[in-house]
Engineer: 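Mind having a look at this structure? Questions to follow.
Reminder, nothing fancy here: chain letters follow the sequence lines and each chain counts from 1. For the numbers below, each heavy atom of this structure counts, side chains included, while hydrogens, waters and symmetry mates do not.
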Amino acid sequence: MSTLNSNIPAGELTNKWTKYKSSVPLVNPANKRNLEVIVVGSGLAGASAAATLAEMGYKVKCFCFQDSPRRAHSIAAQGGINAAKNYQNDGDSTYRLFYDTIKGGDYRAREANVHRLAEVSSNIIDQCVAQGVPLAREYGGLLDNRSFGGTQVQRTFYAAGQTGQQLLLGAYSALERQVGMGKVEMFTRHEMLEVVKVDGKARGIIARNLITGELERHFGHAVVLATGGYGNVFYLSTNAMGSNVTAAWKANKQGAFFANPCYTQIHPTCIPVSGDHQSKLTLMSESLRNDGRIWVPKKKDDNRRAVDIPEEERDYYLERRYPAFGNLVPRDVASRAAKERCDAGYGVGASKKAVYLDFTFNTERYGKIEANKNNIQNPDHATIMRLGKEVVKEKYGNLFDMYKQITGEDPYETPMRIYPAVHYTMGGLWVDYNLMTTVPGLYCLGEANFSDHGANRLGASALMQGLADGYFVLPYTIGDYLSKELATKALPLDHPAFVEAENKVKETLDTLINVKGTKSVDYFHKKLGLIMWDNCGMARNEAGLKASIAAIQQLKKDFWSDVLVPGTTDELNTELEKALRVADFIELGELMCIDALNRNESCGGHFREEYQTEEGEALRDDEKYAYVAAWENKGDGEFTLHKEELKFENIKIAQRSYK
Amino acid sequence: MSSLSKAFSSSIGKKVIMGITGLFLISFLLVHCFLNAFVFFNDNGLMFNIGAHFMATNWFIRAMEFVLMGGLLLHIVQGARLTFQNNAARPVKYAVANGQANSKWYSRSMGLLGTLLLIFLIVHLGNFWVVSRFTGIPTHDANGHEDLYAVMKKTFENVWLVALYALSMISLGYHLLHGFSSAFQTMGWNHKKYTPLIKCIGLWFSILIPLLFAIMPIAMYFNCIK
Amino acid sequence: MSTGNMNLTLKIWRQKNTKSKGELVDYKVANISPDMSFLEMFDVLNEQLITKGDQPIVFDHDCREGICGMCSMFINGRPHGPKNGITTCQLHMRSFKDGDTITVEPWRAQAFPVIKDLTVDRSAFDRVISAGGFISVNTGNAQDANNLPIPKANADAAFEAAACIGCGACVATCKNASAMLFVSAKVSQLALLPQGQPERYKRVQNMVAQMDAEGFGNCTNTGACEAECPKGISLENIARMNRDYLSAKFVSQEEA
């Protein structure tokens, strides 16, 4: 076990980034033209980084597995993006955003990184608006804000329920502009399958052309991974079907440590599973919790329809347990509370794995306000509800329609059924202050790294981090490394390192095709997902984790001896793509359990049943676990733990309370 | 290629040509229909022949006749080109296509409707235009004007021609029903306040003008007009 | 709850690669639940095919919640199937009846060549965007976001145009395989915002030129695109683009 150097600049927290920016070595324009950077992933972090690096003059190659960079899963983020603009004059500041993020992350994030994030948050909004991103506005023509879980100010900028889409399309247009100018070479339908290293430094990648199956060698003076999170290790999650850990996992095998893999965010408001056929889960925006009240029946196994259960027989358990924040507690708290009720037998719906999200109360409240506005004297209940429904429709119409489309139930008439689902992974490749992994020249941005959200991410912070990393952090910090690489010539593609890496990939592909077993890839993926959800999901315990490590090891053996991948390696073969991803998920799953087992405390998205207060709240152990667990992959399922101690010099570490 | 010719050869430019010529032809229809409606005076075609005489002798109208022919040709040629190009933009067709679920049949059938109208036009020009311009109108009316009305009466004694004229006016109606408002959309003349009005005018224009045209041969055939 | 009682006949386009000739192939699926999504029904079929040793059907899909724009099936003659305002991944089997025969084809257009089975190449859209679908502002060039107030009506209209997910349903359904709705949505979004003004006329010329070069057909205003667009992008955008294009070509003195 060793300690890690996070390369945090010295000095006052509030000055670190400013000072760093003015002292980081620069690369002159003539030299930038000769430096090549590979960016893998084209979501918020990848697209913004690729575009910005190209604008600065670097030669950029950008890769994505989808048919267009515009389809990266950042596009699905609904709610919004935080920024410490204080446009609402409600006392927001860089420090408050920093503080909320550290506290929301249950004191498991690095102070310097989070403060930098809060500092650049304002620039992101400026940049996006300048690009033509149509963020929501008020009648005066100025930007609108809303509030989100875990905060007491209105700092969330949004574009209806499509904030991620609009921000991504902004970054995508910046990227396509550079593509049009010939400064970025875009490789769509390509998947990175190996990091190529020379003398310990990242020097390129092996990518598979998904249409032809051809393996391609690409050189870069630096390689940037912006490949998103690994929530699909659970099979069912709100991630896109193609979201995967493969790029990060290959990097891990090449020496980039994987940090805090067990920190998983389970989002409280998702549409429940409807059957075995389920392929993915759909999130209902967290903003719904602003106006919906969450409840279950007070009686166990109550099979009455929601509307038939009288008010006094309903348990508004979040309001009961957390009077100060009520339905707006952070995601981890809300999710666990829902699981607790369902496990105790109070769940609703056919599966009993759901709770109600009820808009009746606020529909009525809005209706009364509207009646008042319209001077309707003594309105009857039907009128009030009709008026209220119009307000609710205006605010959440698209979400209600989506719910109805999926479940066949009308949420205007009956409460929504919701249940937590895997949504975001706080863990990821360990990076230092420069966003560089433990492999020199290999960088990691966005959800794929571990850096800013600690053990739990606050709503509307993922978009902020992805764009901060891509637009405003990496383009500066990468200069620190590239300024020392001016003399490095582009590697010839027949360099032994490329040949060796490609052969390794080829071998894996051939092995998978030649297993010719009896079970489809999905069969194994579903099995893995079940193990992970049951034992490494919302609640974990020692026995369960140990059992699941053994089960995953067995699953790995079964996979490599019994998987059935039809077709060949030299064609568009979606089953082969899935098989490669699932193979990596299986290995990652084991590491997640190892990490969860190592962390004998409860914090944020990691809840160990052994470590809770008498009231069932998470119990941290700051004495022993105020560190980042970074795992080195020794091969064959062996991992070595490295620690980065977290020092809180600017925030008083405290028990998180939302009561 | 110069900037302007490039503009006209672009997809939008080609459509603009269709739109402008279409609107021009619509204006011609209005004039044509107005003058032909003189037959309804029931004066054995005297008023009608005065109108026809004016049209045949006024230098401006004669000049415009060339513009009209040019516009018509352009509309036809460009329409045919667009239809072929659009066809080529989907070389492999769908096995199942459910167009009626999302659009009106006549808006998808402008090429077909246009072809029907072209056939009609050839017949129509042969019936009247060739006679009045080239072969000559054989008789004169009481005012001493060439009796185009008599040619009309004679022509519409043939029941097949009457049927062809009436049916072609149905084609014209549907062609206009799409073409009228479509021309405005193509020119970008779209406005929250005025577009509904344009659509309304387009609808009535597409019904009334072809209806009036269709009534003439039918009424003559049944001797309702004398 | 996991299995239902719907039995269906599927006629699905199979094509090995761009060059080969494809054909519709009949498949049967049984015990389909009305709660399944259309793509989950395809998952069931593919699982059947794989375990039988056959090649699964390749189709594009990713987010499965109607926003990434990747899924693209032409179902019974309509893009994204029989319902309006949704993508294929949001279509559920309760929209069909037991015993139905469903024909599934790829998007068909000269500009969208089939790659395999139901997967087509829509990179033409990316090239249209890279020809001008952006505002030229480098990172770090921006002023404070609230320095330019934008009338809410304009901001809302820009947002509605920006809702386009680039799925290509407009091209797929247009009898002319025209991309006018897609292109005009981006042109409109940026033309409605003050930030988009400096490049307004250059942008529309470049994007239309690229659109034409890609081999899309010409718009004949049938309105099918608007009716089938899962995001309800309006035909007004096409009128706006036409207007801007004509201004750019015949009024503006700037060459693209």
Engineer: Heavy-atom pairs under 4.5 Å with chain C are the metric here; pick the option from B:Ala95, B:Gly99, B:Gly13 that has the most.
Structural biologist: B:Ala95

Engineer: Do B:Tyr94 and C:Arg78 get their side chains close enough for a donor-acceptor pair, meaning under 3.5 Å?
Structural biologist: no

Engineer: With respect to chain B, which residue among C:Asn176, C:Val208, C:Asn221, C:Thr173 yields the maximal number of heavy-atom pairs within a distance under 4.5 Å?
Structural biologist: C:Asn221

Engineer: Classify the side-chain pair C:Lys83/C:Gln90 by whether it contains a donor and acceptor separated by less than 3.5 Å.
Structural biologist: no

Engineer: Side chain, backbone, both or neither: which part of B:Met110 has a heavy atom under 4.5 Å from chain C?
Structural biologist: neither

Engineer: Please classify the contact between C:Pro82 and chain B as side chain, backbone, both or neither, with a heavy-atom cut-off of under 4.5 Å.
Structural biologist: neither

Engineer: If you tally heavy-atom pairs under 4.5 Å against chain B, which of C:Gly217, C:Ser247, C:Ala177 wins?
Structural biologist: C:Ala177

Engineer: Measuring heavy-atom distances to chain B, does C:Glu105 have an atom under 4.5 Å in its side chain, in its backbone, in both, or in neither?
Structural biologist: side chain

Engineer: Examine whether an atom of C:Ala209 lies under 4.5 Å from a heavy atom of chain B, and if so say whether it belongs to the side chain, the backbone or both; otherwise answer neither.
Structural biologist: neither

Engineer: So, C:Thr88 versus C:His80: side-chain donor-acceptor pair below 3.5 Å or not?
Structural biologist: yes

Engineer: Report yes or no: do B:Ser10 and C:Tyr245 form a side-chain donor-acceptor pair below 3.5 Å?
Structural biologist: yes

Engineer: Examine whether an atom of B:Lys93 lies under 4.5 Å from a heavy atom of chain C, and if so say whether it belongs to the side chain, the backbone or both; otherwise answer neither.
Structural biologist: backbone

Engineer: Can you tell if the side chain of B:Phe38 reaches within under 4.5 Å of the side chain of B:Leu35, non-hydrogen atoms only?
Structural biologist: yes

Engineer: At a 4.5 Å cut-off on heavy atoms, which part of C:Arg240 comes close to chain B: side chain, backbone, both, or neither?
Structural biologist: neither

Engineer: Relative to chain B, which segment of C:Cys219 carries a heavy atom at a distance below 4.5 Å: side chain, backbone, both, or neither?
Structural biologist: both

Engineer: When you check the side-chain N and O atoms of C:Asp212 and B:Ser11, is any donor under 3.5 Å from an acceptor?
Structural biologist: yes

Engineer: I want to check a possible cation-pi pair here: B:Arg90 against C:Trp107, using under 6.0 Å from ring centre and within 45° of the ring axis as the test.
Structural biologist: no

Engineer: Chain C: which of B:His191, B:Lys104, B:His178 shares the most heavy-atom pairs with it under 4.5 Å?
Structural biologist: B:His178

Engineer: Can you confirm whether the side chains of B:Asn86 and C:Thr220 place a donor and an acceptor under 3.5 Å from each other?
Structural biologist: no

Engineer: Can you say whether C:Leu235 sits under 4.5 Å from chain B via the side chain, the backbone, both, or neither, judging by heavy atoms?
Structural biologist: both

Engineer: Give, as side chain, backbone, both or neither, the part of C:Asn76 having an atom under 4.5 angstrom from any heavy atom of chain B.
Structural biologist: backbone

Engineer: Will you find, in the side chains of C:Lys249 and C:Gln205, an N or O donor that is under 3.5 Å from an N or O acceptor?
Structural biologist: yes

Engineer: Sort C:Ile238 into side chain, backbone, both or neither according to what part of it lies under 4.5 angstrom from a heavy atom of chain B.
Structural biologist: both

